[in-house]
Amino acid sequence: MSETRARLASLPLFSDLPGAAVTALADLAEPVSLPVGEVLCRAGDTPRWLFVLVSGRLQQTVADSTVPINPGALIGASELLGNHPFAQDILVLRDSQLLRFPAEALEPFLLEHPPVLLALSRYLLRQREASRPGHVARQGTLSLVPASPGVPAATLGEELVGRLGGWPGARMVTEAHVLAELGQDSLAGDDDSEQKLETYLHRLEAAHPHLVYVADQGQGIWAERCLRHGDRVLMLVEAGAEPRPVPALAGLPGPLLAPLELVLLCARGDASPHTRAWRELLKARSHYYVQPWYGPDLDALARQITGRGLGLVLGGGGARGFAHIGLIRALEQLQMPVDVMGGTSMGAFVSALLACGFSAVEMMQVARDTFVSRNYLNDYTLPRVSLIRGRKFHQRLQSVFGERTIESLWRSYFCVSSNLSSGEAVVHEFGSLATWVGTSMCVPGVAPPVLFEGELLCDGGVVDNLPTDVMQAMERGAIIASSVSAQSDIALEEMKSSLPDPGALLRRQRGASWPGFGEILLRTATLNSDTVVYPASVARSDVCLHMPVTDVNMFDWKALDALVERGYQHALQVLEPLRDELLGEG
């Protein structure tokens with residue numbers, strides 16, 4: 001009972017309660033241990049218990065997004081007090097310890113102890129005010145498991161602990177540490193040893209903000225335990241190793257719910273020929289390349305796996321997208337390293353250049369050669385499908401990006417196209433960089449859609465012109481979004497008329513800034529994305545730069561220099577005051 005009371009008193013929720021109230025509450029509590037994959041409750045269930053998560057992590061689904069539930073959280077409070085069923089399933093994301101209180105005993109208890117009722121009410125109010133859709137807490141527990149023999153997992157663990165601030169903020173836990181502390185039978189797998197181990201690990205997690213669990217082998221009880229205790233699991237692979245099943249994954253009692261990511265160790269500039277195969281085999285959501293033990297690579301890995309990285313999402317908008325280059329110039333000047341990047345249409349093109357290592361100056365030269373000096377969009381054809389064939393432009397992209405594949409890039413990258421057949425966004429994380437960037441830029445009516453696996457793919461802006469949802473799902477850290485589209489920029493104020501005029505655009509006056517055929521097609525293609533989808537895209541970002549480019553025609557390629565300068569000045573003005581906060585240094 002004293003241990004239960006101490007656990008309750010250590011939680012911020014109950015720390016200010018009178019001692020007598022905490023003691024009485026502890027008398028009602030029943031400890032519960034749940035393994036990864038267990039279902040705590042299902043949508044529609046009547047609440048029978050109030051739960052307090054002591055250690056571990058749970059997960060619920062809200063508005064099609066998974067949301068973690070962290071230690072110290074209450075589960076069932078609003079349902080019990082509001083007398084309504086659970087609205088969603090709640091699963092055990094990693095091995096967890098909870099305290100539960102029976103509903104039938106809780107109501108009379110709260111009437112006898114008003115301070116506890118007040119604490120619960122304040123908790124629910126703070127929870128409602130603090131909730132921000134799409135933003136997740138930074139995970140504090142990492143698990144490193146070798147997926148192939150001979151990987152120096154402990155060395156990487158030590159490097160990460162140092163980059164997480166070192167002792168006592170971060171600590172590495174290995175099998176040797178456990179055996180030395182609890183004895184040689186502590187990993188026997190019986191009920192007593194399991195309970196001792198759970199108590200020990202809970203004590204460590206309470207004492208250190210960051211724990212790095214390291215498995216020396218990819219199999220055995222300790223490796224399985226590491227998998228079950230990680231908020232984020234890193235599978236370590238020698239880049240040249242052939243994909244093979246990891247025994248520890250097969251030994252889990254249920255599915256691994258914590259996000260699993262791949263870390264490929266290889267020489268700088270190289271890439272693994274097996275990256276995609278490894279990711280598909282392990283169902284890894286993403287991957288990182290690390291040169292052992294190269295400082296900048298380790299710094300970038302540590303930032304991203306603890307939610308302190310920086311993601312950049314660039315939207316589409318034709319020539320206006322040149323403003324993105326100005327943003328990248330500002331990021332360079334402010335020394336804000338971008339860890340992961342992606343975008344749509346022109347945003348896909350610029351972010352791909354960044355992922356390949358081009359500087360802002362080099363990007364301007366590539367953009368000038370591609371869109372200004374030469375016209376790669378003039379292979380006109382009989383408009384049965386589109387105005388141009390698109391071959392010249394795709395060949396140009398091939399010359400810029402070469403044979404690079406998306407999965408071989410050392411910095412994570414994605415681009416988005418639209419599936420005309422299904423009406424859904426398609427996220428490209430694998431395959432030819434040139435091909436998928438080109439597909440993301442195929443404006444319907446201007447360039448022909450790309451046929452792939454029986455589906456027609458075109459400009460990503462048709463469905464999602466600012467794909468912050470893709471970036472958010474990666475959980476790498478702060479998101480900077482850059483929008484060069486406009487929600488009402490095609491109106492002609494100077495031609496207002498009280499009557500409909502079908503022929504107005506056909507009577508264009510010299511010097512008038514009216515939309516042309518291509519701009520009307522582009523605006524039509526992205527209309528839904530730029531109006532209906534856009535507000536949610538902005539809300540998911542930490543900072544959204546609305547570039548001051550609405551007065552520039554979407555196909556005014558010769559405005560390159562002016563657009564880059566506008567983007568640079570605007571980005572500098574917005575980001576400089578926020579720099580330290582976005583980098584987690586504030």
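Note that these values count all heavy atoms, side chains included, but never hydrogens, waters or copies made by symmetry.
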> Check whether any side-chain heavy atom of R320 sits under 4.5 Å from a side-chain heavy atom of M547, and report yes or no.
no
> Could I get the full list of side chain to side chain donor-acceptor pair (under 3.5 Å) partners for H570, not counting sequence neighbours?
none
> For the residue pair Q569 / E565, report whether a side-chain donor-acceptor contact shorter than 3.5 Å exists.
yes
> Heavy atoms only: give me the nearest M474-V340 pair and the separation to one decimal.
SD-CG2, 3.5 Å
> Could you go step by step and tell me if L211 and H229 meet the side chain to side chain contact (heavy atoms under 4.5 Å, CB included) rule?
CA-CA 10 Å; L211 281 186; H229 268 268; over 6 Å; no
> Can you name the one residue among L40, I75, V92, L74 that meets side chain to side chain contact (heavy atoms under 4.5 Å, CB included) with I69?
I75
> Using a 3.5 Å distance criterion without hydrogens, assess whether the side chain of S418 forms a donor-acceptor pair with backbone atoms of D459.
yes
> Nearest 0.5 Å please: distance from the CG atom of L466 over to the CG atom of D469.
9.0 Å
> Go through R476 and D339 one step at a time and tell me if the side chain to side chain contact (heavy atoms under 4.5 Å, CB included) criterion holds.
CA-CA 8 Å; R476 303 289 184 89; D339 297 300; 5.6 Å; no
> Under 3.5 Å, is there a donor-acceptor pair between the side chain of H208 and the main chain of A170?
no
> Less than 4.0 Å between a side-chain N and a carboxylate O, is that true for E475 and R285?
yes
> Are E407 and R279 close enough for a salt bridge, meaning some N to O gap below 4.0 Å?
no
> For the residue pair H428 and W436, categorise the inter-ring angle as parallel (less than 30°), tilted (30 to 60°) or perpendicular (more than 60°).
parallel
> Would you indicate whether the side-chain heavy atoms of D95 and L201 approach each other to under 4.5 Å?
no
> I'd like to know if the side chain of R232 reaches the main chain of E261, judged simply by a donor and an acceptor atom lying under 3.5 Å from each other, with no hydrogens or angles considered.
no
> Side-chain contact, heavy-atom cut-off 4.5 Å: V484 with M346?
no
> If you measure from the Lys or Arg side-chain nitrogens to the Asp or Glu carboxylate oxygens, is any gap between R228 and E224 under 4.0 Å?
no
> For the backbone of H177 and the side chain of E181, can you confirm whether one donor and one acceptor N or O come within less than 3.5 Å of each other?
no
> Which pair of non-hydrogen atoms, one from C266 and one from P292, has the smallest distance, and what is that distance?
O-CD, 3.7 Å
> Hey, could you give me the OG1/CD distance between T141 and E205, rounded to the nearest 0.5 Å?
4.0 Å
> Nearest 0.5 Å, what's the CD1-OG distance between I406 and S432?
8.0 Å
> Quick one, M172 and L144 - any side-chain contact, counting heavy atoms below 4.5 Å?
no
> Are the side chain of R566 and the backbone of G326 linked by a donor-acceptor contact shorter than 3.5 Å?
no
> If you look at every heavy atom in A323 and V549, which pair is closest and at what distance?
CB-CG1, 4.0 Å
> Is V338 close to I328 at the side-chain level, that is, under 4.5 Å between some pair of heavy atoms?
no
> Report yes if some heavy atom in the side chain of H202 is under 4.5 Å from a heavy atom in the side chain of S96; otherwise report no.
no
> Between N465 and V416, is there a side-chain heavy-atom distance shorter than 4.5 Å?
no
> Indicate the atoms forming the closest heavy-atom contact of A425 with V463, along with that distance.
N-CG1, 3.6 Å
> So, taking the atom named CD in Q472 and the one named OG in S541, what distance separates them when rounded to the nearest 0.5 Å?
10.0 Å
> Which pair of non-hydrogen atoms, one from W293 and one from P152, has the smallest distance, and what is that distance?
CZ2-CG, 3.4 Å
> Between L575 and L327, is any pair of side-chain heavy atoms under 4.5 Å apart?
yes
> In terms of the angle between their ring planes, are W410 and Y289 parallel, tilted or perpendicular, with boundaries placed at 30° and 60°?
parallel
> Run M341 and L314 through side chain to side chain contact (heavy atoms under 4.5 Å, CB included) and show every step you take.
CA-CA 8 Å; M341 59 227 69; L314 306 181; over 6 Å; no
> Let me confirm one number: the CG-CG distance from L334 to L578, rounded to the nearest 0.5 Å.
10.0 Å
> Counting only heavy atoms not in Q573, do more than 12 sit closer than 6.0 Å to its CD atom?
no
> Is a side-chain N or O of W278 found less than 3.5 angstrom from the main chain of A241, in a donor-acceptor match?
yes
> Quick check on E332: does its CD atom have over 12 non-hydrogen neighbours (other residues, nucleotides or ligands) under 6.0 Å away?
yes
> May I ask you to decide if A302's main-chain N or O and T306's side chain share a donor-acceptor pair within less than 3.5 Å?
yes
> Given 3.5 Å as the limit, does a donor-acceptor pair link the side chain of T174 with the main chain of V214, or not?
no
> Please check this pair: side chain of S143 against backbone of V233, looking for a donor-acceptor N/O pair closer than 3.5 Å.
no
> Using only atom types and a distance under 3.5 Å, with no angle test, would you say the side chain of Y413 pairs donor to acceptor with the backbone of A348?
yes
> Of all residues at least two apart in sequence or in a different chain, which pass the side chain to side chain donor-acceptor pair (under 3.5 Å) check with S440?
none
> Which distance, rounded to the nearest 0.5 Å, do you find between the OH of Y213 and the CG of D231?
9.0 Å
> For the residue pair S537 and D464, what are the closest heavy atoms and their distance?
OG-OD1, 3.9 Å
> For E429 and R276: C-alpha separation, side-chain torsions, deciding distance, then whether side chain to side chain contact (heavy atoms under 4.5 Å, CB included) applies.
CA-CA 9 Å; E429 298 180 279; R276 183 170 187 172; over 6 Å; no
